[in-house]
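A quick write-up on the structure given underneath.
Numbered from 1 within each chain, the chains take letters A, B, ... in sequence-line order.
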There are 2 protein chains.
Amino acid sequence: MTDLKSTINPLFLREEDLRQGIELLFYAYRDFTGEPDRILQTYGFGRAHHRAIYFVGRNPGITVTELLGILRITKQSLSRVLGALVEQGFIAQDADAGDRRRRLLTLTARGEALEADLTRTQIKRFARAYREAGAEAVEGFRRVLMGIVNPDDRARVGNPIAQSRKRDADQQSRKRDADQQSRKRDGN
Amino acid sequence: MTDLKSTINPLFLREEDLRQGIELLFYAYRDFTGEPDRILQTYGFGRAHHRAIYFVGRNPGITVTELLGILRITKQSLSRVLGALVEQGFIAQDADAGDRRRRLLTLTARGEALEADLTRTQIKRFARAYREAGAEAVEGFRRVLMGIVNPDDRARVGNPIAQSRKRDADQQSRKRDADQQSRKRDGN
DNA sequence: GATTTAAGGTCAGTCATGTTGACTTATTAT
DNA sequence: ATAATAAGTCAACATGACTGACCTTAAATC
């Protein structure tokens, strides 16, 4: 594919190629979530639980507000999911010593075990894909997909929030639409 | 990022890098679907409608069974969505002359207009990302993401079904679990 | 110190989109 | 003639989004 067309001709921006990108993202996401979904079913959990577990595991001590910022859902939506995970002992909440309004979220041993179980399947899938494609392709993959992510969120991709916490705080103070953030409807 | 680590050391398969991939896919998919979702809301439609419109537009004359194979949902799920789209004149159904059991699906002029409207936002996002990343990166993006897709479905990524129809037929006859395909639970 | 703001939680109701299961109707294939 | 296929339908249910209205506690500001 490093042929004339894509090398010397910026016409690689043909609609066909762009649609291929759209479809790649659709199929990849569909298959990427398939295996974890099956595991979650055995626990009576869904993909929403997976996301919560994943990002709490990735950001130990994350606050509820920060988690909402990553997931882009309402706190009412998160509360059901988080409530179930706390109740069943996968996630622990502890008041922040500095600001006792905040509840710091961490995975329990049980939560870590489930997180590892779920993430293992996705890690494997990526490991195979990275290995088969090679280091250079992986770098291209990163560059393109990072370009798909909204600029504001690029900093936190792949980075635990510790590094981006200051930036988040800035954004939040810049404007935060009251209590009920305006969220778009979803379903998938 | 073309540093020593990722160039001469296959250790680029570190868990950190793999998790970055996972997160990239999560954030990219989340942002990639955001704009269309907002447009769809004004029609009272959701992401499921978008997917149906997209793939019918991409595969004019596709049958219901073929569409189900792409979307990986049950026909009962599709029927609601498809029913609404047909009823409101976005999609037309016509009996196949050769096999009159089949209903060939095509977009109406109205459907094409909506499809274009929805896809435009995603095309733009990809065009920018491709342009900024460069042709080589795009090739890497393709290779990696194709590796994430289940092998069985790689052939149809980016290809209208015309080309892959024979293969689909083979797979279907190989085994097709009765009427109610075994589908995993979802939500997202 | 009183008031406002922020972080978190909760109750109630709705919607979109997935799922099973059980049938029906045409049409084609055996 | 019978069986299989393509499509559709009715019913019930689960999940995970959403809005709106409120409450509590703790911190920040006036």
Handout entry: Charged N-O contact under 4.0 Å between R19(A) and E115(B)
Key = yes
Practice task
Locate the shortest heavy-atom distance separating A95(A) from R100(A); write the atom from each residue and the value.
Solution key: CB-O, 4.2 Å
Exercise for the section: Output the single nucleotide from dC18(D), dG8(C), dT19(C) whose closest atom is nearest the side chain of Q76(B). Expected result: dT19(C)
Exercise for the section: Rounded off to whole Å, could you give me the CG-to-P distance for the L40(B) and dC15(C) pair? Expected result: 18 Å
Problem - Y29(A) and I148(B), any side-chain heavy atoms less than 4.5 Å apart - result: no
Handout entry: Nearest-neighbour nucleotide for the R103(A) side chain, dT9(D), dC18(D), dG9(C) considered
Key = dG9(C)
Exercise for the section: Verify the distance criterion only: is there a donor paired with an acceptor across the side chains of R103(A) and T63(A) at less than 3.5 Å? Expected result: no
Exercise for the section: Starting at atom CG of L104(B), determine the distance to atom P of dG8(D), rounded to an integer number of angstrom. Expected result: 11 Å
Practice task
May I ask you to check whether E23(B) and Y54(A) show a side-chain donor-acceptor distance below 3.5 Å?
Solution key: yes
Exercise for the section: Consider the side chain of R102(A), meaning its heavy atoms from C-beta on, and name the nucleotide among dA7(C), dC18(D), dA7(D) that approaches it most closely. Expected result: dA7(C)
Problem - Nucleotide of dT9(D), dG18(C), dC18(D) approaching S79(B) most closely (side-chain heavy atoms) - result: dT9(D)
Exercise for the section: In whole angstrom, give the distance that lies between atom CZ of F45(B) and atom C1' of dC18(D). Expected result: 19 Å
Considering only nitrogen or oxygen atoms on both sides, find all protein atoms under 3.5 Å from nucleotides 24-30 of chain D and state each distance.
from	atom 1	to	atom 2	distance (Å)
dA27(D)	OP1	R100(A)	N	2.9

Exercise for the section: Ignoring the backbone of R80(A), work out which of dT17(C), dG16(D), dT10(C) is nearest its side chain. Expected result: dG16(D)
Completion exercise
Taking dG8(D), dG9(C), dT17(C) as options, the one with an atom nearest any side-chain atom of V64(A) is dG9(C)
Handout entry: Residues R125(A) and N150(B): side-chain donor-acceptor under 3.5 angstrom
Key = yes
Exercise for the section: Tell me which nucleotide among dG8(C), dT17(C), dT19(C) gets nearest to the side chain of R51(B). Expected result: dT17(C)
Problem - Spacing of E87(B) atom CD relative to dT9(D) atom C1', expressed in whole Å - result: 14 Å
Exercise for the section: Starting from P on dG16(D), measure out to CG on L85(A) and report it in whole angstrom. Expected result: 10 Å
Exercise for the section: Could you tell me the separation between the CD atom of Q93(B) and the C1' atom of dA6(D), rounded to a whole number of Å? Expected result: 12 Å
